[in-house]
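Data block below; observations after.
By convention in this document, chain letters (A, B, ...) are assigned in the order of the sequence lines, proteins followed by strands, and residues within each chain are numbered from 1.
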2 protein chains.
Amino acid sequence: MARKSSRSTSFDVAALAGVSQSAVSRAFTPGSRIADETRSKVLDAALKLNYVPNSIASSLTTKRTNIVALIIGNLDNPFYVHVLHTFSRKLQEQGRQVLIFTVEPNSESDEAIMHLLKYQVDGVVLTAAQLSTRMISLCHDRGIPIVLFNRYIPGSDASGVRCDNVAGGALIAEAFLAAGAKNFALITGDLKGTTSQDRVRGFVGRLLEGGIKRSEIVEVEGHSSYEGAFNATVKLFRDQNRTRPDALFGVNDIMAMAAIDALRHRLGLRVPEDLMVGGFDDIPEGRRLPYQLTTVRQPIEQMVDETLEILHLDDPTEPIPRGIDRPIKGRLIWRNTIPVPAAYRWDKDDSQS
Amino acid sequence: MARKSSRSTSFDVAALAGVSQSAVSRAFTPGSRIADETRSKVLDAALKLNYVPNSIASSLTTKRTNIVALIIGNLDNPFYVHVLHTFSRKLQEQGRQVLIFTVEPNSESDEAIMHLLKYQVDGVVLTAAQLSTRMISLCHDRGIPIVLFNRYIPGSDASGVRCDNVAGGALIAEAFLAAGAKNFALITGDLKGTTSQDRVRGFVGRLLEGGIKRSEIVEVEGHSSYEGAFNATVKLFRDQNRTRPDALFGVNDIMAMAAIDALRHRLGLRVPEDLMVGGFDDIPEGRRLPYQLTTVRQPIEQMVDETLEILHLDDPTEPIPRGIDRPIKGRLIWRNTIPVPAAYRWDKDDSQS
DNA sequence: GCTCACTATGCATGCGCATGCACTGCTGTG
DNA sequence: CACAGCAGTGCATGCGCATGCATAGTGAGC
């Protein structure tokens, strides 16, 4: 049997049910005017014929595809996998689906945008990738809302939702200071990304307030990968002629975990005894026994909810929201890679949720 | 400005370029008869108008959406994330996109199928989820090829690509035997899934050949999660009145890593000195220093390639391939959680690729 | 019993593009 | 020089459905 064989249409169903094609259409359109009796006649016929409405065809008239594009640049980082999962779950609950566009981490996503425009998606979420402002207006002009997730483009009218990374970086710095650290180091991915940038800024800023003028900042080439951070850590501690850092901030959990592995298994140092480590994201892997990483939790659920709210998928007549910036506070999760100062002990949190 | 504002159509472009709408269509259709001069006139006009072909509309006539549905049940397992990534990358190279359908691990994906049928996808890949045979024929009847990835439904005419899990399980058993293990245990997820089933079968089968009649099999409730395996390991070694196992097979890397964490950090045992551990999948996380997991590598690239080959997306007139079963051999990767017997030392492999 | 208001339904049309067919004009061949 | 052959183009149509509009049917109110 060749493909495209039997795909019954609303006309087939109409014929079998003894009604008009419009009736079939209405039977499958919630909130449309149709008698219960007619609807069930239609549904019966549809069942017999294995009819499923062709949403491609309906998109042509409604101008809604119920598809949301998700541009994702770093599936190696479980944090973004979690983000993807959360979007997919929440959108499915609304009867929408995620169309994935994978791009090289930190590369331009302009090409992805050109492709997704073809698919007439209802909205775009961009995570972990760069984007030119021209593309933003291309989307806006065509009435497609786009939200940057955990990044922003200063001075553009693109809307975005992000963790308050400056405040988050400061939380780690504060934890280090409270735990009595003296010499600070930081490992980050590409500083072109606003995410890393802000975390570094928040961290260094808080240190300055604490009277620390100097800290070692290592920018890993490429994106924020485990391997990059591992090698950077080894290098950092091998080349060291000056005093060894006693506090290391990995700008995300993956990098912090890589640093811990390098410290323990390559450099023979103990965490947190010889050196404390802080991370960022709170990925499930960091909660595991070998790590028990102290980190800043990004409230993914809330961030996704805010993103969907800005996208306004339910009401395409609304003007596209421009220039919205929703920084959401993260929360410090005390575990075992930073010694908990007595003053903080009450809110140590090791929960899984 | 309201949405849906300016979305120019092929007619607009045609008008500006001074040609007919058909010419515009042809200008964007590779391999279609059009003079170079006309094409560039059209492309110029299109550029001016920010025209992008509406692939939804074209799908209506061509009956091709260039969308492939991927049903995925377990994004917590990096293996499947890698699978997703590979599919997305390879499909994008062909000008196609992945539409994601996330389902609960090991739950029915029948509902997902009903939804994806609406989107008129060109093909379906199903990973890590159950499926009724009724849904298979529903897809087949409508001319939509579906390939089961790493699972199969015995006796159905669904096609599938999978790692040869029986042979893979046997590889681990063989490694254990060669390393001199005497008492065997195995931790697995839901045995309803053919993947776990086969790995267990291969493992136990090979042990029998080696004269081992008995091994401890622990089936973790729910899906193959880290947490489940961790708790199961603790329980297994605490409740033990008999001789302690000296070889533990985690039916996938995540579970093996969970077991290692439990053994080391909860039970105070050393791996591989007190007890050797084998995994399955070869996820990047298992290569890291704290684990260096000996495991069976699933050749993802090849499996994805075979899947795409079976889907035959380029040639929708071909009959749908039915009942194909492509078991692909995995390869044992020697690392450090099973002591390498002298006879095997030559092929120890620690490469990252 | 008659009209009004409203519900339920059908008819006709258009969404944006691909494509079969007809037509034009041009090149090459005998 | 005549005509076949073909590349290039436009016209018309249909893909499957949603929806505005017209109409038939129903019940309520006087």
Side-chain angles (χ1 to χ4, degrees), chain A residues 3-42 45-46 49-66 117-122 142-143 316-317, chain B residues 3-42 45-46 49-66 117-122 142-143 316-317:
Chain A
R3 300 195 188 177
K4 312 292 151 206
S5 29
S6 71
R7 220 173 275 198
S8 46
T9 73
S10 55
F11 280 92
D12 302 328
V13 177
L16 182 59
V19 297
S20 74
Q21 177 267 326
S22 338
V24 177
S25 170
R26 283 191 261 257
F28 283 95
T29 309
S32 107
R33 281 214 308 227
I34 186 169
D36 287 347
E37 193 192 355
T38 314
R39 165 169 281 135
S40 48
K41 267 199 301 188
V42 169
L49 296 176
N50 282 328
Y51 170 77
V52 177
N54 181 333
S55 76
I56 294 296
S58 82
S59 302
L60 208 52
T61 17
T62 60
K63 308 212 171 307
R64 304 297 282 168
T65 51
N66 293 318
L117 287 178
K118 292 193 301 204
Y119 288 96
Q120 316 293 116
V121 296
D122 292 344
R142 313 180 114 247
T317 60
Chain B
R3 300 197 189 173
K4 313 291 147 206
S5 28
S6 70
R7 220 173 276 198
S8 45
T9 74
S10 56
F11 280 92
D12 302 329
V13 177
L16 182 58
V19 297
S20 73
Q21 178 266 327
S22 337
V24 177
S25 171
R26 286 192 257 261
F28 282 96
T29 308
S32 134
R33 280 216 307 229
I34 187 169
D36 287 348
E37 193 193 355
T38 315
R39 165 168 280 134
S40 49
K41 265 198 303 186
V42 169
L49 296 177
N50 283 328
Y51 169 75
V52 177
N54 181 334
S55 76
I56 293 295
S58 80
S59 302
L60 209 51
T61 19
T62 60
K63 309 217 170 303
R64 304 296 284 168
T65 50
N66 293 319
L117 287 178
K118 292 192 301 203
Y119 289 97
Q120 316 293 116
V121 297
D122 292 345
R142 314 179 115 246
T317 60

Side-chain donor/acceptor pairs under 3.5 Å, residues 16-36 of chain A, sequence neighbours excluded:
from	atom 1	to	atom 2	distance (Å)
A/S20	OG	A/S22	N	3.4
A/S20	OG	A/S22	OG	3.4
A/S20	OG	A/A23	N	3.3
A/T29	OG1	A/S25	O	2.7
A/S32	OG	A/R26	O	3.2

Between B/L60 and A/L60, the two heavy atoms sitting closest are CD2-CD2, 3.2 Å

When the C1' atoms of the five terminal pairs at each end define the local axes, what inter-axis angle does the helix from C/dG1-D/dC30 to C/dG30-D/dC1 show, to 10 degrees?
40°

Going from CD1 on A/I56 to NZ on B/K63, what distance comes out if it is rounded to the nearest 0.5 angstrom?
11.0 Å

Under 4.0 Å from any heavy atom of chain A: name the first and the last nucleotide of DNA chain D that qualifies, 5' to 3'.
D/dG16 to D/dG20

Search all heavy atoms of B/T9 against all heavy atoms of B/Y51 and return the closest pair with its distance.
C-CE1, 3.5 Å

Under the side chain to side chain donor-acceptor pair (under 3.5 Å) rule, collect the residues that match up with A/T65, sequence neighbours excluded.
A/D122

Residues at least two apart in sequence or cross-chain that pass side chain to side chain donor-acceptor pair (under 3.5 Å) with A/S55, listed by chain then number, are none

Does any N or O in the side chain of A/R142 come within less than 3.5 Å of the main-chain N or O of B/R7, such that one atom is a donor and the other an acceptor?
no

Which part of the nucleic acid, if any, lies within contact of A/S25, taking any heavy atom under 4.0 Å across all strands shown: a base, the sugar-phosphate backbone alone, or nothing?
base

Close approaches to DNA chain C from residues 50-60 of chain B, in residue order (heavy atom, under 4.0 Å)
B/Y51, B/P53, B/N54, B/A57, B/S58, B/L60

Quick check: closest heavy atoms across B/R64 and B/S59, and the distance to 0.1 Å?
O-OG, 3.1 Å

Output one line per pair: protein atom, nucleotide atom from nucleotides 4-11 of chain C, and distance, for all N/O pairs under 3.5 Å.
from	atom 1	to	atom 2	distance (Å)
C/dT9	OP1	A/T38	OG1	2.0
C/dT9	OP2	A/A35	N	2.7
C/dT9	OP2	A/T38	OG1	3.1
C/dG10	OP1	A/S20	N	3.2
C/dG10	OP2	A/S20	N	3.0
C/dG10	OP2	A/S20	OG	2.7
C/dG10	O5'	A/S20	OG	3.4
C/dG10	N7	A/R26	NH2	2.7
C/dG10	O6	A/R26	NH2	3.2
C/dC11	N4	A/S22	OG	2.7

